[in-house]
Amino acid sequence: MRRSRAFIPTTKEAPSDAVLASHIYLSRAGFIHQVASGLYSYMPLAKRVIKKIENIINEEMAKVGAEEVELSFVTPASLWQESGRIDKFGKELLRFKDRKENLFVLGPTHEEMMVDLVRNRITSYKQLPINLYQIKTKFRDEARPRFGLMRGREFIMKDGYSFHAYEEDLDREFSAMERAYKRILTRLGLDFRVVEADSGAIGGSGSKELMVLANSGEDTIAVCDKCEYGANIEAATRGAVEIPEAPEALFNKFQTSETSSIEDLAEFFKIDPYYTVKCVAKKLVFEEDSEVVLFFLRGSDNLQEVKALNATGALEITDVTAQELEELGLETGYIGPLDQDRAKHVIDSDLKNATNMVCGANEKDYHFVGVDLSIISEVAYFADISEVHEGDSCPHCDGKLSFTKGIEVGHIFKLGTTYSEALKAEFLDENGKAKPFIMGTYGMGVSRLVAAVIEQHHDDSGCIWTKETAPYMVNIMISNIKEVTQVELGEALYTRLIESGVETMLDDRKERFGFKMKDAELIGFPYTIIIGKELVNGNVQIFDRKTKEKISVDKNEIYEKIMELL
RNA sequence: CGGGGUGUAGCUCAGUAUGGUUAGAGUACCUGGUUUGGGACCAGGGGGCCGAAGGUUCGAGUCCUUUCACCCCGACCA
């Protein structure tokens with residue numbers, strides 16, 4: 001492509017709302033243009049990058065035997081009613097009616113559509129397994145779109161779905177897909193981590209997220225410093241702690257005025273908060289109603305709300321007001337798990353057999369000491385509801401957990417029969433018995449990957465595309481368009497590279513050296529061949545975007561040299 | 001959805017408290033000239049329903065009402 005003819009509107013200034021590097025540079029370098037909140041147009045450079053990523057995905061999907069399809073973007077709301085997700089998905093689903101007053105939604109994900117496509121077409125175990133995917137624009141009416149391509153309302157996603165007759169076959173496919181996803185991210189040149197995760201509103205198990213490591217990531221992930229373990233903070237667990245010697249005490253009720261906080265309580269008894277029981281009261285919203293639920297944890301721990309949701313099966317978790325607690329007869333600061341009959345409660349599994357604990361006596365100004373929680377271990381409801389801390393031990397080895405930020409670019413999980421049952425998608429097994437498909441689902445954010453690459457590969461001058469993602473590999477810069485010898489060499493080299501299949505840009509604009517260099521750095525071509533003042537000595541230079549180094553090359557060897565580098 | 005902010009040239013922003021020439025700057029764009037290794041310089045030029053609608057006034061970018069959009073913090077987010 002000739003730069004003089006290309007549509008690449010670069011600017012010196014970024015849109016005022018751009019915060020992330022990817023948003024700033026993709027805007028400034030003329031890749032994307034925002035048209036409305038969370039909606040972006042892709043200009044030629046972005047389109048090329050997207051195609052590259054799609055090609056890599058297609059290649060890797062072909063290797064594992066997945067087939068590409070394309071489902072309609074506008075989907076009938078009736079399918080969403082059938083699965084029951086029309087209410088669960090909420091306002092993120094953009095709904096509208098056609099001229100005949102039929103209700104439709106813009107697809108935010110395509111479980112229903114894919115199950116509908118397969119049901120009654122795949123009818124025998126002999127036809128299984130199959131794995132179908134598409135790369136398609138999705139729409140989620142996010143309450144608050146932000147960060148450019150990172151969290152748009154309209155975005156491109158690769159979504160795949162596999163159908164199986166047996167659990168073991170799903171397990172096999174799931175592993176194969178995990179490997180394929182890792183290969184994709186590796187080829188894209190990304191530093192990433194596969195972590196255990198919560199499966200969210202779609203439901204399912206064996207959930208894993210593929211996280212591109214970047215400080216700007218919206219997710220916090222806990223990773224082990226010794227083994228491969230990594231998990232989203234929403235799902236992270238920790239190894240059993242060596243229970244330190246508890247200060248022994250006989251069971252007793254103690255007057256503890258002015259100690260409604262864990263801090264005060266620990267100070268009062270001169271013990272570590274680890275030996276205290278804290279109560280976190282939350283209001284849980286269920287499909288029909290809502291109610292206050294008490295969560296008991298060690299004083300040293302914090303409630304992990306996603307875990308709390310999973311433990312209770314609620315849809316949403318919100319704060320409670322002091323008034324609501326009062327109405328239930330709960331004494332703030334002195335709520336304890338013993339004889340707790342005022343509200344439903346969940347106790348952190350870490351407390352299951354804890355002894356010598358201090359907890360609220362459900363009476364103002366009184367706490368129990370020397371509490372042995374094992375006495376209620378048979379009757380109370382225990383679940384993992386605490387959030388791991390940095391420095392906690394790894395659940396799989398003797399390493400320590402540390403936190404890092406990640407961008408969720410992929411999410412794979414085992415759906416099981418949730419959707420096939422809801423949509424009555426069944427096949428006949430060897431015994432002629434009808435069974436729902438066992439499904440897996442595999443998502444990867446294509447447009448988000450474009451942003452993720454830049455989040456991980458940029459500097460103060462702009463984008464630094466990796467070899468597999470670069471919109472053009474080589475930029476030939478003719479320093480002074482009035483110098484005939486420079487133009488001649490540039491044109492000849494351009495033609496030769498194009499003929500060799502190299503994606504090449506020829507900067508043939510009548511601009512000054514500095515202007516063109518800044519522009520090339522902003523766009524981020526991996527290599528720029530500078531044909532300039534050294535040509536009188538028979539030399540040109542290769543500028544490496546990543547290192548910003550320029551190396552001189554004899555003009556007669558430049559073709560071979562650049563081909564070597566690619 | 002709660003709280004806050006901003007809408008003026010393609011982009012970044014002045015001007016609005018106290019209404020009053022033809023609405024400004026930088027950048028980008030066009031023409032001519034000089035320049036040619038790190039976003040040049042000089043001269044000239046084009047570009048605006050001052051987010052929209054209504055109102056107050058002799059007069060509104062500026063005051064009032066309504067509305068829309070966008071952004072930030074939070075809630076939410078397969």
Side-chain angles (χ1 to χ4, degrees), chain A residues 9-19 23-24 27-30 33-39 83 85 88-93 107-112 138-148 150-153 155 157-161 197-204 207-210 218-219 232 234 283 285 305-306 309 315-319 408-413 415 418-419 441-445 448 461-462 477-483 486 509-523 528 530-536 539-541 543 548 550 552:
Chain A
T10 57
T11 59
K12 229 181 225 181
E13 285 184 280
S16 55
D17 55 293
V19 195
H23 190 185
I24 292 170
S27 300
R28 281 191 52 205
H33 171 247
Q34 180 175 0
V35 280
S37 181
L39 305 181
S83 72
R85 274 212 294 184
K88 207 167 182 181
F89 227 93
K91 288 189 178 170
E92 276 192 34
L93 260 189
T109 173
H110 281 173
E111 280 77 11
E112 287 85 350
K138 300 284 186 287
F139 190 91
R140 289 183 193 174
D141 201 357
E142 293 271 355
R144 196 174 157 218
R146 61 191 122 168
F147 304 141
M150 206 64 91
R151 182 172 292 285
R153 290 144 95 200
F155 57 98
M157 181 168 86
K158 175 264 167 181
D159 53 324
Y161 308 86
D198 177 63
S199 54
I202 278 185
S207 173
K208 286 190 179 178
E209 287 170 339
L210 287 98
E218 293 185 81
D219 290 287
N232 191 307
E234 296 173 351
K283 188 168 182 175
V285 183
E305 297 197 357
V306 173
L309 272 183
L315 297 176
E316 202 182 325
I317 188 164
T318 61
D319 290 338
E408 181 193 345
V409 295
H411 197 167
I412 58 177
F413 46 97
L415 274 181
T418 317
Y419 291 90
T441 179
Y442 319 95
M444 185 167 260
R448 182 178 278 185
S461 308
M477 192 196 92
I478 299 169
S479 179
N480 187 345
I481 208 76
K482 287 184 183 169
E483 291 286 340
Q486 290 186 15
R509 291 174 300 173
K510 184 177 171 292
E511 295 286 352
R512 293 162 63 91
F513 179 84
F515 182 90
K516 290 194 202 181
M517 279 303 287
K518 291 281 188 200
D519 208 54
E521 285 175 351
L522 180 60
I523 293 169
T528 291
I530 302 168
I531 299 176
K533 67 178 184 184
E534 281 196 35
L535 191 58
V536 291
N539 285 335
V540 296
Q541 289 162 307
F543 173 76
K548 287 200 169 185
K550 290 175 196 159
S552 279

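Residue numbers start from 1 in every chain, and the chains themselves are labelled A, B, ... in the order their sequence lines are given, proteins ahead of strands. Bear in mind that the values here come from a model prediction, so they are computed numbers and not experimental data.
- Between B:C13 and A:Ser16, a contact under 4.0 Å exists linking OP1 or OP2 to a side-chain N or O.
- Distance check on atom C1': B:A17 versus B:A25 gives 22 Å, rounded to whole Å.
- Distances shown here put a side-chain N or O of A:Gln34 below 4.0 Å from the OP1 or OP2 atom of B:C71.
- Distances were taken from every side-chain heavy atom of A:Lys12 (C-beta onward) to each of B:U36, B:U12, B:G39; the shortest belongs to B:G39.
- Counting atom types as modelled, A:Glu521 pairs a side-chain N or O with a base atom of B:G38 as donor and acceptor under 3.5 Å.
- Counting non-hydrogen atoms under 4.0 angstrom, A:Lys548 reaches nothing in the nucleic acid.
- Residue-level contact check: A:Lys482 touches the bases, meaning some heavy atom is under 4.0 Å from a base atom.
- The 5' end of RNA chain B is approached more closely, in terms of each residue's nearest nucleotide, by A:Glu534 than by the other of A:Gly445 and A:Glu534.
- Candidate nucleotides B:U12, B:C72, B:C76 were compared by shortest atom distance to the side chain of A:Val19, and B:C72 ranks first.
- Taking a centre distance below 5.5 Å and an interplanar angle below 30 degrees as the stacking criterion, A:Phe515 does not stack against the six-membered base ring of B:G39.
- Using a 4.0 Å heavy-atom cutoff across all strands shown, A:Leu522 reaches at least one base atom of the nucleic acid.
- Comparing B:G10 with B:G48, their C1' atoms are spaced 12 Å from each other, to the whole Å.
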